[in-house]
**Student:** 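I have a structure here, written as structure tokens, and I will follow up with some questions on it.
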Amino acid sequence: MKFICRLLIWSIFIKLYVCQQSSVQIQKIEADPPNPNVGEGLKIRCFLINVDPFAQYPTQVLWSIRRFSQDRDFRILAYGGSVRDTLSGRVSARKESEEVYEIVFRPVQESDSGVVRCELANTEAQVRLEQIINVLVPPSITYITADVQVRAGDPVTLECRAQGNPPPLLMWIRQGQEYPTSYSGVYTIDSVSRDDRGLYKCVAEQQTGQKQSAENYVNIFVDFDPTVICDQIIVEQVPNINA
């Protein structure tokens, strides 16, 4: 009989504990800034509701990350305010209050682009929210064709490659022209003439609010046969000049 009573008491206690813990919810998760530039600091905060500060078993928040370029699954970063993985000393965490937890990346790297998860660790059901991290990287030109010297009539291909996040738009602009000659990383002239010689600029531009861009140049030198231009001489004959 005593055993049954104890079992009933433990059953009631567990139900009360689970009910108490399950009432805690994650209200929202916020990133500041929402889309950080590489090298900046990034703060992510997790806001809880229905927290009982006097509960026997305090709520604990588990932070984890899955980076798009490196992680196949989520890796634990912090438990509450205790950091488990600093990502080479760049990550810190703290408990701001009973309702607010935060994790900070300082500085954020391009490889940090991925999903950060805030999860309640001691609840019956899985209670979690996730925040996508999109680290912005300014454009940079990684390759451009070296200066070209060709004969008139030969084909010419100029190539330009760039990187950045978001991926930049590539275009070619000829010196002296206002508008692009080509919206592509590759610009081809099937039969070059001496009129095509000159300086060409490759521009890598991100279509974002900041309009960041990078540029580099290549020269086309054209060998062509000389042409002879003679002045035209007009000779007029006066009639009966010898009469």
Side-chain angles (χ1 to χ4, degrees), residues 29-44 63-75 77 85-92 102-117 130-150 154-190 192 196-222:
I29 184 171
E30 291 182 345
D32 181 27
N35 296 302
N37 292 306
V38 64
E40 289 184 340
L42 168 66
K43 179 188 292 185
I44 304 175
W63 290 101
S64 56
I65 187 173
R66 181 174 66 83
R67 297 176 294 175
F68 295 141
S69 62
Q70 300 188 28
D71 302 326
R72 298 183 61 181
D73 203 352
F74 281 87
R75 58 191 292 178
L77 291 177
D85 188 341
T86 66
L87 294 183
S88 300
R90 297 183 297 105
V91 171
S92 62
E102 71 175 31
I103 191 165
V104 177
F105 294 74
R106 188 179 292 112
V108 69
Q109 295 181 355
E110 181 180 3
S111 60
D112 295 328
S113 291
V115 180
V116 172
R117 174 183 290 172
E130 296 177 345
Q131 175 71 41
I132 294 178
I133 303 303
N134 184 32
V135 181
L136 303 180
V137 182
S140 61
I141 294 176
T142 58
Y143 171 82
I144 189 170
T145 303
D147 289 348
V148 180
Q149 186 158 2
V150 293
D154 289 344
V156 170
T157 298
L158 305 181
E159 185 179 358
C160 181
R161 294 193 291 267
Q163 63 184 14
N165 185 38
L169 172 68
L170 290 172
M171 64 189 81
W172 286 96
I173 302 176
R174 187 177 177 185
Q175 185 180 33
Q177 293 183 348
E178 183 178 355
Y179 299 102
T181 303
S182 170
Y183 285 97
S184 172
V186 178
Y187 176 52
T188 300
I189 304 174
D190 295 328
V192 72
D196 295 315
R197 59 187 171 173
L199 191 65
Y200 291 76
K201 176 172 64 174
C202 172
V203 179
E205 184 177 272
Q206 287 176 330
Q207 302 301 300
T208 60
Q210 298 180 358
K211 279 282 187 181
Q212 298 190 86
S213 64
E215 57 188 45
N216 207 338
Y217 299 83
V218 56
N219 252 311
I220 295 180
F221 301 97
V222 181

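In this chain, numbering begins with 1 at the start of the sequence shown. We use all heavy atoms of the structure for the numbers below, so side chains are in, but hydrogens, waters and symmetry mates are not. Here the structure is a predicted model, which means the values were calculated and not measured.
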**Student:** What pairs with Asn35 under side-chain hydrogen bond (donor to acceptor under 3.5 Å, both in side chains), at least two apart in sequence or on another chain?
**Tutor:**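 Counting only residues at least two positions away or on another chain, Asn35 forms no side-chain hydrogen bond (donor to acceptor under 3.5 Å, both in side chains).
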**Student:** A side-chain contact here means heavy atoms from C-beta on lying under 4.5 Å apart; do Cys160 and Val203 qualify?
**Tutor:**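 Not in contact.
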**Student:** Can you name the residues that form a side-chain contact (heavy atoms from CB on, under 4.5 Å) with Asp32, not counting sequence neighbours?
**Tutor:**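 side-chain contact (heavy atoms from CB on, under 4.5 Å) check on Asp32 returns nothing, list empty.
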**Student:** OG/Ser184 to CG/Leu169 distance, rounded to the nearest 0.5 angstrom?
**Tutor:** 9.5 Å
**Student:** So, for Leu42 and Pro33, which heavy atoms are closest and what is the spacing to 0.1 Å?
**Tutor:**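 Of all heavy-atom pairs spanning Leu42 and Pro33, the closest is CD1-O, 3.4 Å.
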**Student:** CG of Leu199: more than 12 outside heavy atoms within 6.0 angstrom?
**Tutor:** yes
**Student:** Can you name the closest pair of heavy atoms from Val135 and Asn37 and give their distance?
**Tutor:** CG1-C, 4.3 Å
**Student:** Do the side chains of Val91 and Ile103 get nearer than 4.5 Å, heavy atoms only?
**Tutor:** yes
**Student:** So Glu205 and Pro139, do their side chains get closer than 4.5 Å, heavy atoms only?
**Tutor:**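 No, their side chains stay 4.5 Å or more apart.
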**Student:** Return the CG to CG distance between Asn134 and Asn165, rounded to the nearest 0.5 Å.
**Tutor:**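 With rounding to 0.5 Å, CG (Asn134) is 5.0 Å from CG (Asn165).
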**Student:** Could you tell me the separation between the OH atom of Tyr200 and the CG atom of Leu158, rounded to the nearest 0.5 Å?
**Tutor:** 7.5 Å
**Student:** With sequence neighbours excluded, what pairs up with Pro107 under the side-chain contact (heavy atoms from CB on, under 4.5 Å) test?
**Tutor:**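 For Pro107 the side-chain contact (heavy atoms from CB on, under 4.5 Å) partners, ignoring immediate neighbours, are Arg90.
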**Student:** Going by the rule side-chain hydrogen bond (donor to acceptor under 3.5 Å, both in side chains), which residues pair with Tyr217 if we only count those two or more places apart in sequence or in a different chain?
**Tutor:** Glu215
**Student:** For Arg197, does its backbone N or O pair with a side-chain atom of Arg174 as donor and acceptor, under 3.5 Å?
**Tutor:**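 Confirmed, Arg174 side chain pairs with Arg197 backbone.
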**Student:** With sequence neighbours excluded, tell me which residues meet side-chain contact (heavy atoms from CB on, under 4.5 Å) with Thr86.
**Tutor:** Val83
**Student:** Would you indicate whether Glu130, at its atom CD, is surrounded by more than 12 heavy atoms from other residues, nucleotides or ligands within a distance under 6.0 Å?
**Tutor:** yes
**Student:** How close do Arg66 and Arg72 get, heavy atom to heavy atom, and via which atoms?
**Tutor:** CD-O, 3.8 Å
**Student:** What closest approach, in Å, do Asp147 and Asn219 show between heavy atoms, and which atom pair accounts for it?
**Tutor:** OD1-N, 2.9 Å
**Student:** First locate atom CZ of Arg161, then atom CD1 of Ile141, and finally report the distance between them rounded to the nearest 0.5 Å.
**Tutor:** 12.0 Å
**Student:** Of all heavy-atom pairs between Trp172 and Gly185, which one has the smallest distance, and what is that distance?
**Tutor:**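 Closest approach of Trp172 to Gly185: NE1-O, 3.4 Å.
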**Student:** How long is the gap from CG on Leu136 to CD on Glu110, to the nearest 0.5 Å?
**Tutor:**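 The distance works out to 10.5 Å.
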**Student:** Evaluate side-chain contact (heavy atoms from CB on, under 4.5 Å) for Gln70 paired with Ile65, printing each intermediate quantity in order.
**Tutor:** CA-CA 11 Å; Gln70 300 188 28; Ile65 187 173; over 6 Å; no
**Student:** Is Val156 close to Tyr187 at the side-chain level, that is, under 4.5 Å between some pair of heavy atoms?
**Tutor:**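 They are not in contact (no side-chain heavy atoms under 4.5 Å apart), so the answer is no.
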**Student:** Distance check, rounded to the nearest 0.5 Å: Ser113 atom OG versus Ile133 atom CD1?
**Tutor:** 8.5 Å
**Student:** Can a donor-acceptor pair be found, under 3.5 Å and without considering hydrogens, that links the side chain of Thr157 to the backbone of Thr188?
**Tutor:** no
**Student:** Any idea which heavy atoms bring Val137 and Gln206 closest together, and the distance?
**Tutor:** O-NE2, 2.7 Å
**Student:** For Thr181, enumerate each residue passing the side-chain hydrogen bond (donor to acceptor under 3.5 Å, both in side chains) test, keeping only those at least two apart in sequence or located in another chain.
**Tutor:** Gln177
**Student:** Check the surroundings of atom CZ in Arg106: do more than 12 heavy atoms from other residues, nucleotides or ligands lie under 6.0 Å from it?
**Tutor:**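 Atom CZ in Arg106 is not packed in, count stays at 12 or less.
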**Student:** Ignoring hydrogens and geometry, is there a side-chain-to-backbone donor-acceptor pair from Gln131 to Val116 under 3.5 Å?
**Tutor:**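 Here the side-chain-to-backbone pair does not exist.
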**Student:** Begin from the C-alpha positions of Leu77 and Phe105 and carry the test side-chain contact (heavy atoms from CB on, under 4.5 Å) through to its verdict.
**Tutor:** CA-CA 11 Å; Leu77 291 177; Phe105 294 74; 3.9 Å; yes
**Student:** Keeping Asn216 on the side-chain end and Cys202 on the backbone end, is there a donor-acceptor pair under 3.5 Å?
**Tutor:**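 Such a contact is absent between Asn216 side chain and Cys202 backbone.
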